[in-house]
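To start, the structure under review is shown below, and the notes come after it.
Note: hydrogens, waters and symmetry copies are ignored here, and every other heavy atom, side chains too, is used.
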Amino acid sequence: MTVVDDVRRFLADFDARVGGPARVLWPHTACELDAAEAALGMRLPLSYRRFLGEFGGCWAGLDVYGLRNDDLLQSTSMVELTREFLDDGWPLPRPCCVFSIDGAGNPIYFDAVGQVCLFDHDLGQASLLAPDFDALMRDVLT
């Protein structure tokens, strides 16, 4: 089983609980993701690219932003999120890709090597959440 399979099952279970498709998914093309990488100045982790190629940005137990997102997320892309946090002076590493936000408004991002980190504004420091996107999603989905 891959993480994409786990997410597919999670979304199907969610849709069944709410009585039908809860969202419209917007899968991304490789060309769109290549353009996002150019805008961010970094390669996106392969597992995140696979996720976005299958689902686009969507809620999957965690808000996972892409270039286009389902109706459960705001319309902001991960490129825009990253720029907003950097422009607002958050001390995030460069390059990085902010792909989610925790409940307190803190960015969840990939660093240059694909580790998943969170910068906690209250603590004024970053912490490692998971070694990669697959590990994060497996943790979220279990």
Side-chain angles (χ1 to χ4, degrees), residues 1-121 123 125-142:
M1 276 284 183
T2 67
V3 167
V4 166
D5 294 326
D6 294 341
V7 171
R8 191 178 295 116
R9 186 173 55 254
F10 174 86
L11 295 176
D13 290 347
F14 179 80
D15 286 347
R17 285 193 308 273
V18 298
R23 71 198 58 81
V24 174
L25 299 176
W26 304 97
H28 300 357
T29 67
C31 289
E32 290 172 318
L33 295 172
D34 291 347
E37 288 178 341
L40 293 165
M42 68 179 284
R43 298 279 304 160
L44 297 170
L46 183 57
S47 57
Y48 178 60
R49 282 183 64 105
R50 285 185 190 129
F51 178 96
L52 294 178
E54 182 76 23
F55 309 109
C58 68
W59 178 79
L62 171 76
D63 294 344
V64 179
Y65 286 83
L67 298 169
R68 294 179 308 283
N69 306 308
D70 71 16
D71 291 341
L72 299 178
L73 303 181
Q74 54 185 311
S75 62
T76 304
S77 77
M78 86 284 215
V79 174
E80 293 165 328
L81 273 179
T82 303
R83 287 184 180 147
E84 287 173 13
F85 278 101
L86 292 172
D87 290 348
D88 287 346
W90 287 70
L92 303 177
R94 291 180 190 232
C96 71
C97 173
V98 177
F99 70 93
S100 191
I101 304 169
D102 76 358
N106 296 310
I108 300 172
Y109 62 92
F110 297 112
D111 66 12
V113 296
Q115 296 179 113
V116 179
C117 303
L118 175 133
F119 189 89
D120 187 308
H121 180 70
L123 297 176
Q125 65 184 25
S127 61
L128 180 68
L129 293 182
D132 57 34
F133 184 71
D134 283 352
L136 175 73
M137 292 309 295
R138 283 195 177 98
D139 187 46
V140 167
L141 295 173
T142 56

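- Atom SG of Cys97 sits about 5.0 Å away from atom CG of Leu40, to the nearest 0.5 Å.
- Taking the side chain as every heavy atom from C-beta outward, Val98 and Arg83 never approach each other to under 4.5 Å.
- Asp34 is listed as a side-chain neighbour of Arg49, based on a closest heavy-atom distance under 4.5 Å.
- Here the shortest heavy-atom pairing between Gly53 and Pro27 reads O-CB, 3.2 Å.
- Under the 4.5 Å side-chain criterion, counting only non-hydrogen atoms from C-beta, Arg94 is not in contact with Met42.
- Annotation: side-chain hydrogen bond (donor to acceptor under 3.5 Å, both in side chains) contacts of Asp102 (sequence neighbours excluded): Asn106.
- In this structure, His28 contributes its side chain and Gly66 its backbone to no donor-acceptor pair below 3.5 Å.
- Distance alone, capped at 3.5 Å, is enough to place a donor-acceptor pair between the Asp5 side chain and the Thr2 backbone.
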What pairs of donor and acceptor atoms, side-chain ones from residues 57-65 against any protein atom, are under 3.5 angstrom apart with sequence neighbours left out?
{"from": "Tyr65", "atom 1": "OH", "to": "Gln74", "atom 2": "NE2", "distance (Å)": "3.3"}

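- Separating the OG1 atom in Thr82 from the CG atom in Leu92 is a distance of 8.0 Å, to the nearest 0.5 Å.
- Within 6.0 Å of CH2 on Trp26 lie no more than 12 heavy atoms contributed by other residues, nucleotides or ligands.
- The side-chain hydrogen bond (donor to acceptor under 3.5 Å, both in side chains) search around Asp120 returns none, not counting sequence neighbours.
- Taking 4.5 Å as the limit, some side-chain heavy atom of Phe55 sits within range of a side-chain heavy atom of Arg8.
- We find the SG-CG distance between Cys117 and Asp111 to be 4.5 Å, quoted to the nearest 0.5 Å.
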Note to self: Phe99 vs Val116, test: side-chain contact (heavy atoms from CB on, under 4.5 Å). Steps then yes/no.
What the structure shows: CA-CA 10 Å; Phe99 70 93; Val116 179; 3.9 Å; yes
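- The CG atom of Leu128 sits 5.0 Å away from atom CD of Gln115, with the distance rounded to the nearest 0.5 Å.
- Within the 3.5 Å criterion, the main-chain N or O of Phe51 finds no donor-acceptor partner in the side chain of Glu54.
- Within the 6.0 Å centre-distance limit, the rings of Phe110 and Tyr48 are counted as a close aromatic pair.
- Within the 4.5 Å cutoff, the side chain of Ile108 has no heavy atoms near those of the Ile101 side chain.
- By the neighbour-count criterion of 12 heavy atoms within 6.0 Å, atom CZ of Arg138 is densely surrounded, having more than that number from other residues, nucleotides or ligands.
- For the pairing with Cys96, the side chain to side chain contact (heavy atoms under 4.5 Å, CB included) check across Phe85, Phe119, Tyr109, Trp90 returns one residue only, Tyr109.
- At least one side-chain heavy atom of Met78 sits under 4.5 Å from a side-chain heavy atom of Leu52.
- The shortest distance between side-chain heavy atoms of Leu11 and Leu25 falls below 4.5 Å.
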Next item on the list: Please assess Asp15 against Phe10 for the test side-chain contact (heavy atoms from CB on, under 4.5 Å), listing each intermediate value before the final yes or no.
Entry: CA-CA 9 Å; Asp15 286 347; Phe10 174 86; over 6 Å; no
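- Using modelled atom types, no side-chain atom of Glu37 and backbone atom of Arg43 make a donor-acceptor pair closer than 3.5 Å.
- From Met137, atom CE reaches atom CG of Asp132 across 12.0 Å, with rounding to the nearest 0.5 Å.
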